[in-house]
Amino acid sequence: MAGVPAQKTLSPLAWALLALLALIWGASFLSNRATLAEVPVLTAVAFRVNVAAAALWAWVLLRRLPLPGLRAAPAFLGMGVLNNVIPFGLIVWGQQFIPSGLAAIFNATTAIFGVLLAALFFADERLTLRKAAGVAIGFTGVAIAIGPESLAALDPTSLGQLAVLGATFSYACAGIFARSFLHGLRPEVAAAGMLTGAALVMLPAALWFDGAPRLDYAPATWAALLYLALVASAAAYVLYYAVLARAGAGNLGLVTLMVVPVAIALGALVYRERLLAQEYAGFLVIALGLMVLDARPRALFGRPAPPAPPA
């Protein structure tokens, strides 16, 4: 029909980029676990956001992208806290007690929280019957994955699960915040500013609570830290928006579920992690809830995902 824009589809190149992004973010859960052997949680997060911010600003300057004014600073700070400080800290802390694959499963609930929050804050995103059904199915999957016994006893494992769920809620809040306060900025600039805001919070916090960082980490630990900062954060943001331009937001939402098998496989291969049958069942129910939310066979989310790596 004339005047109707063509629908975004997944070309072979878009599929390849999407798979690469899923591999990068799936491996980030493994890298989180690797850093925990030697690096305190706050120090690990501070390193990630500081190095990633520096790398992205270098990209922005190299591309000569338009820079924001100082009026954007409060928005960058708020976005950095919601999209980096809180979720990165909670996920890394939670992964002390739960497998990488399970953390990735819970990370897929970001879209579920996003639908609920959007309905509360924006009149044009009301909670329809279909969306309510998708949310209910998704949270049923979460309950299955956690298990009733974990909900009844707040041990370190259940607290680790709740920490990762808290991170996904913060990611969803970041999506609401971004729509409200970040307008008219190039995505790479917004991501660089956000990470700078996070760095301004995390660097003093890490120095205060963890002390001066060591420099004698094992090579594997340094590799994990650099991977999280340069690959899973800085490079992943650039790749994220390349996929978004080619495939659209709905198709890009596939990456949230594609990350899960990558994280499960790498966790089993490297750390011999094993998930319970109930956790796999919970993931399948969460995936069903996400498909109901979108109600399209070719895409799992009807909304743009927040500009955040999942771990």
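Worth saying up front: this structure is predicted, and the values here are computed from it rather than measured. We're numbering straight along the sequence, starting at 1.
In terms of heavy atoms, A145 sits closest to Q278 at O-NE2, 3.5 Å. Across all non-hydrogen atoms, the minimal contact from F139 to L116 is CE1-CD1, 3.5 Å. The nearest pair of heavy atoms linking L230 to A55 is CD2-CB, 3.9 Å. Residue N84 comes nearest to A198 through the heavy atom pair CB-CB, 3.6 Å, listed as atom of the first residue, atom of the second, then distance. In plain terms, the two heavy atoms of L42 and M202 that are nearest each other are O-CE, 3.5 Å. Scanning all heavy atoms of the two residues, the minimum distance from R48 to S233 falls at NE-OG, 2.7 Å.
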>> Quick one, F177 with M194, criterion side chain to side chain contact (heavy atoms under 4.5 Å, CB included). Give me CA distance, side-chain angles, the key distance, then yes/no.
In response: CA-CA 12 Å; F177 187 92; M194 172 190 70; over 6 Å; no
>> Let's go through W25 and F29 carefully: what are the C-alpha distance in whole Å and the side-chain angles of both, what is the deciding distance for ring pair (Phe, Tyr, Trp, His ring centres under 6.0 Å) to 0.1 Å, and is it a yes or a no?
In response: CA-CA 7 Å; W25 280 345; F29 290 95; 9.8 Å; no
>> Evaluate L77 against V201 for side chain to side chain contact (heavy atoms under 4.5 Å, CB included), listing each step before the verdict.
In response: CA-CA 8 Å; L77 180 62; V201 174; 3.8 Å; yes
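No side-chain heavy atom of I24 sits less than 4.5 Å from a side-chain heavy atom of V259. Side-chain contact between T196 and F76: absent, with no pair of heavy atoms (C-beta onward) separated by less than 4.5 Å. With a 4.5 Å cut-off on side-chain heavy atoms, F47 and V51 count as touching. Contact of the C173 side chain with the L117 side chain is registered, since non-hydrogen atoms from C-beta on lie closer than 4.5 Å. Between I264 and F283, every side-chain heavy-atom pair lies at or beyond the 4.5 Å cut-off. Taking the side chain as every heavy atom from C-beta outward, S158 and F97 never approach each other to under 4.5 Å. Put simply, the side chain of I286 does not reach to within 4.5 Å of the side chain of I144, judged on heavy atoms. Side-chain atoms of V135 and L293, non-hydrogen and from C-beta on, do get closer than 4.5 Å to each other.
Distance check, rounded to the nearest 0.5 Å: CG of L56 to CD of E188 gives 8.5 Å. Rounding to the nearest 0.5 angstrom, the gap separating the CG atom in L102 from the CD1 atom in I146 is 8.5 Å. If you take CG on N32 and CG on L225, they are separated by 10.0 Å, rounding to the nearest 0.5 Å. We find the OG1-CZ distance between T109 and F106 to be 8.0 Å, quoted to the nearest 0.5 Å. Remark: L61 CG to L67 CG distance equals 6.5 Å, nearest 0.5 Å. For the atom pair T35 OG1 and W222 CH2, the distance stands at 12.0 Å (nearest 0.5 Å).
Under the 4.5 Å side-chain heavy-atom criterion for grouping Ile, Leu, Val, Met, Phe, Trp and Tyr, L17 is not connected to L23 through any hydrophobic cluster. L200 and V81 end up in different hydrophobic clusters when Ile, Leu, Val, Met, Phe, Trp and Tyr side chains are linked at under 4.5 Å. No single ILVMFWY cluster, assembled from side-chain heavy atoms under 4.5 Å apart, contains both V60 and V49. Linking ILVMFWY residues whenever their side-chain heavy atoms come closer than 4.5 Å, directly or via other members, places L239 and L195 in the same cluster. In the hydrophobic cluster analysis, where Ile, Leu, Val, Met, Phe, Trp and Tyr join through side-chain heavy atoms closer than 4.5 angstrom, Y271 is grouped apart from I98.
In the model, D210 has a side-chain atom that pairs as donor or acceptor with a side-chain atom of T43 under 3.5 Å.
A donor-acceptor pair under 3.5 Å is formed between the side chain of T128 and the backbone N or O of K131. Between the side chain of E125 and the backbone N or O of F122 there is no donor-acceptor pair closer than 3.5 Å. T168 contributes a side-chain N or O that, together with a main-chain N or O of L165, makes up a donor-acceptor pair within less than 3.5 Å. The backbone N or O of Y217 lies less than 3.5 Å from no partner atom in the side chain of T221, so there is not a single donor-acceptor pair. Side chain of S31 to backbone of L228: no donor-acceptor contact under 3.5 angstrom is found. Looking only at distances, no side-chain donor or acceptor of R186 sits under 3.5 Å from a matching main-chain atom of L65. The backbone N or O of W93 lies less than 3.5 Å from a partner atom in the side chain of Q96, making a donor-acceptor pair.
Legend: residues meeting side chain to side chain contact (heavy atoms under 4.5 Å, CB included) with L203, ordered by chain and number and at least two apart, are N50, L207.
No more than 12 heavy atoms of other residues, nucleotides or ligands shown are found within 6.0 angstrom of CH2 on W59. Within a 6.0 Å radius of CZ in F169, other residues, nucleotides and ligands contribute 12 heavy atoms or fewer.
Counting only residues at least two apart or in different chains, salt bridge (charged side-chain N to carboxylate O under 4.0 Å, His left out) contacts with residues 21-44 comprise R33-E273, E38-R214.
Checked options I86, L90, I91; the residue passing with S170 is I86 (criterion: side-chain contact (heavy atoms from CB on, under 4.5 Å)).
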